[in-house]
Structure formats: C-alpha cells, structure tokens
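Within every chain, numbering begins at 1; the chains are lettered A, B, ... in the order of the sequence lines, protein sequences first and strands thereafter.
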Amino acid sequence: MNKVITINLRGTAFQLEESGYDALRAYLETAAARLLGNPDQEEILSDIEWAIAEKFRPLLGNHKTVVVTQEVTAALAEMGPIEADPGPAPNSGAGGGGTPGGPGESGTAGEEPAAPAGGSPRRLYRMPEGAMIAGVCNGLAAYLGLDPTLVRLAFVFLAIFWGTGVVAYVIMAIVVPEARSPEEKAAASGDPSTAQEFIRRAREGYYEAIKGFPNRQARREWKRQFKREMRAHKYFWGQHWQGCWTKPAPPLSGLGLAEPFLAFILPFISVLHGIVNILWVCATVSLLTPGNVFGLALPANVPVWVAVLILFILYGLIAWPLKAARRACYWGLGRPGPAWPLILLLDAMVWLVVVATLLWLAVHYFPQLHDAVQNLPALVHQAGNDIRTWGHGK
Amino acid sequence: MSVNEKFTALRKGLLEFVVLQIIAAEKVYVADILKQLSPTEFATQEGTLYPLLSKMRREGLLDYEWQESEAGPPRKYYQLTARGRGQLRETLEYWNQINATMKKLAHQ
C-alpha cells in the first residue's frame, strides 16, 4: 500500500504515488534551477508540465486512477534532462557561420533581463508610456503609488523655487533605467510575480485558442479553466491590459528618418512645446485678471469660464501635434544608444531653460502679469471666499 | 575526445538547423518533432527541445499558435517566421558550400 498525492499539472489533477511525486518535484526543481536566468524560464517550465501531463493522461483509465512511481520515472526519463539554454550566443560551430542575423538577434534576446525573483519588491524605473519628458515622474509615481500629475507638480514646484527639481530630474533621467519588458513594468508598480505569470499566459494566446476552437463545449471548458486560474492568481486585470500590453507603435519608424536628425529636431520641438505652454498660461492668467486676452477684450455675453475652457481646448489643439511629435521622436530614436542620455539631457535642459526664461521675461515685462503674480494670493483667497459663500448661499 | 563525442557535439550544433527544416515543412507540435527525429541520428527529448524552441522563438525564428487537439488540452503548434525561413535558406546554402569544399579538398 502506498500513499497517494494529488497534484495539479496545468489544470488537470493527477494522483501520484508519494515517491513518484518526489521524483517529479525533484525533476521540476532541477529544471527550474537550470533555467535560472533564462528569460523564458516560466514558459519552458509550463511547456514541460504540459508535456508531462500529456504523458500521464493515456496511462489512466476507468480502473486505474493513480500514476505509479515507475510510470513517473519512465515519463521523466523520456523527457530527458533539461538542457540549459546556451543563451543568445551561437549554439555551436556549425550554426555560427550561417547566421548573419546573429548580432541583432542576440541584442533583442539579451535586452530582456531575467524576470525579477518571485514576489520581488517594487523597483524604480522610468516609464516612457504616457511620459511628458523621460518618464521619471511617471515611474516615480508608480513606485510611490501616487498620481503621476502630483509627482510632476512636485517636481515643477521644486524646479521653480529652488531649481533642485531640474537637477534631480536630469540625474534620474540618466541614472534610472527604463522599464521595457512586461516584467520590468510589473516590477515598476510592484506587482507580484503572479502578475507576470498572468501577462505571460494571456500573451500565450488563451484568447487566440478560444477563437480557434470549433466546438462550443471545448471553448467553454477552456474559458472556465482560464477563469479559474485567473481567480487563483487573484489578479485584478483591467489595469494591466493597458499598462503592460499596449505599446504604442513607433510612428516614425516607417519614415526611415535618421536618428541624428531626430536627435537634432527634438529640442526644437520641445522649445515650441514649451512656448505654447507658456502662452497658454499667460493667456489664462490675463483672462482671469484684467478680463482680456492680450488686449483682445472678451465679448460681454461670454462668461469667463467658457473663455478659459476655449483657451484650454485651443491649447490642447496646438500642443497635441507637438506632443505627438516629441513622442514620435523618442520612439523614432528607438533603442537607447550611447548618446541617449545626452539627447535626453539636452532636450530636458533646453525645454526647462526656455520655460524659465519665458516666465522670467513675462513676469518682468508684462505689467499685467506682474500684477497677476502679485495678486495671486489675494485671488486665491477671494476664490476661496466665493466658493464658501456660494456653498452657503445654496 | 573520441570520434563519438565529436559527433555528439556536431549533432548538438546542427539540431537547431534540423528543427528549422522540420517546422518549415508543416505546422508541428513538439511530439511531432520528436517523432520525426526519433528514427534519425538527431533523436532527442523534450528536455532539450523545449529550451531550444523557446530560444528560437525569442530570436524570432519561429512562432506558435494554440490549436485544439482531438484528446486533451490544446497544443502549441509551431511555424516558421520570415526570419526563420531566411535563416534556414542561408544555413542550407552554407551547408552545401561546406559539402562542396569538402569534396573539392578530397579531390585535390
């Protein structure tokens, strides 16, 4: 009489004798250890579990419900030891000569570092998706679990009053790595490794599989299994479909623009963007204080808030292509090269210098703006009062 | 190193090429590949094949899709990408070139 242990191999339950279970566990543990550092470690392990499950399945029938130890060891012997991936380097002499694509491929393979160890804590990364400049604030916000806008405001505040924000930003843009692989993105917001597991599986094409099934029952069974596993991972998914999955297509790559050209025009686009920003702020301030925009009086029947809204929309219309162009430049620049930090530094510096200069000029040479800045505390106070009286009046 | 060991190393290096050749012929899943290889000198096991396939996929040589099987859960069916076909073609050319060189040297 032998003790039996029930295991779950990729959604199918099997009953193994205890010593068979030990052998299987040892095999999988060795496999995991040998594949350590392989970017596809989890995927290969999952493939192996699938394969073992397929070997066990035909062994069982109506009158045989347990996989005995000999069968486990036979299946494992058939699987053979896991040979560690030789890595991106050419497999051996024979393959080496005939692969001219080798260096480029090894670049993509080497770029994905090993997935962070299970349950790893958050890591600080720059997140280029939805970034304004280099994704520092975005990454910091993910790291701290805050709204990116708040972090950006903090940086701007620091930049205006003590200039430290600029220095900190530039240093971080250079020092902090960019989150590129899904694993890194998951680590940036501190999601546990189950999240990576989820993304990996989802990517493996669970949905593709569903679409391909001709028979409804199989589809339902597949769906149910998928849902069960998702529940088991306790993963809240709506979030990550956007964050880790959608990578904006590089819009300029098709045009074949040379990188030096992009690096050259990027600061200019940034300057334009900065000017538009400043113009918008100035216009809004002048609208709120003397009630006109650059000398153009507001028609009497248009309320101020409508004008502010119109200004905002106008600003959005003008700034949008500039933003898109900057984003496109970043994407067009593609993989960071040795000049990458320099370009980012140049871009950020130019942008900030222009903004600061324009602000200074505006405050010093436009009396209205000067007054507006002087009146700002009083204005805020008054606005607060207005809101309070409005609240009470209701 | 005995002659036999040298052959082992040679076979190991050629395995990727052989796998490319098999997948080029038709969409296959791992058990098909193993079955086709088993009567040849390239007979191998899952433990070798899975890491190799995953490496080749990472290099963009092949891709897979899930397909339902008659019995049991869906399987991964592998097929070559354009890059994989290109690499196969280049490797074949290179292989022929080596053969020609060997013959030429033998005749001298």
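For B:Y50, the parts lying under 4.5 angstrom from a heavy atom of chain A are both the backbone and the side chain. Contacts of B:Y29 with chain A are made by side-chain atoms alone, with heavy-atom separations under 4.5 Å and no backbone atom involved. Contact of A:E54 with chain B is made through the side chain alone, with heavy-atom distances under 4.5 Å.
The neighbour count for B:K104 NZ, taken as heavy atoms of other residues, nucleotides or ligands under 6.0 Å away, does not exceed 12.
By the 6.0 Å and 45° rule, B:K27 does not stack over the aromatic ring of B:Y77.
Closest approach of A:V72 and A:G20 over heavy atoms only: CG1-O, 3.4 Å.
One finds no salt bridge joining B:R75 and B:E65 here, because no Lys/Arg side-chain nitrogen approaches an Asp/Glu carboxylate oxygen to under 4.0 Å.
Ranked by heavy-atom pairs under 4.5 Å with chain B, the first of A:A51, A:A31, A:A53 is A:A51.
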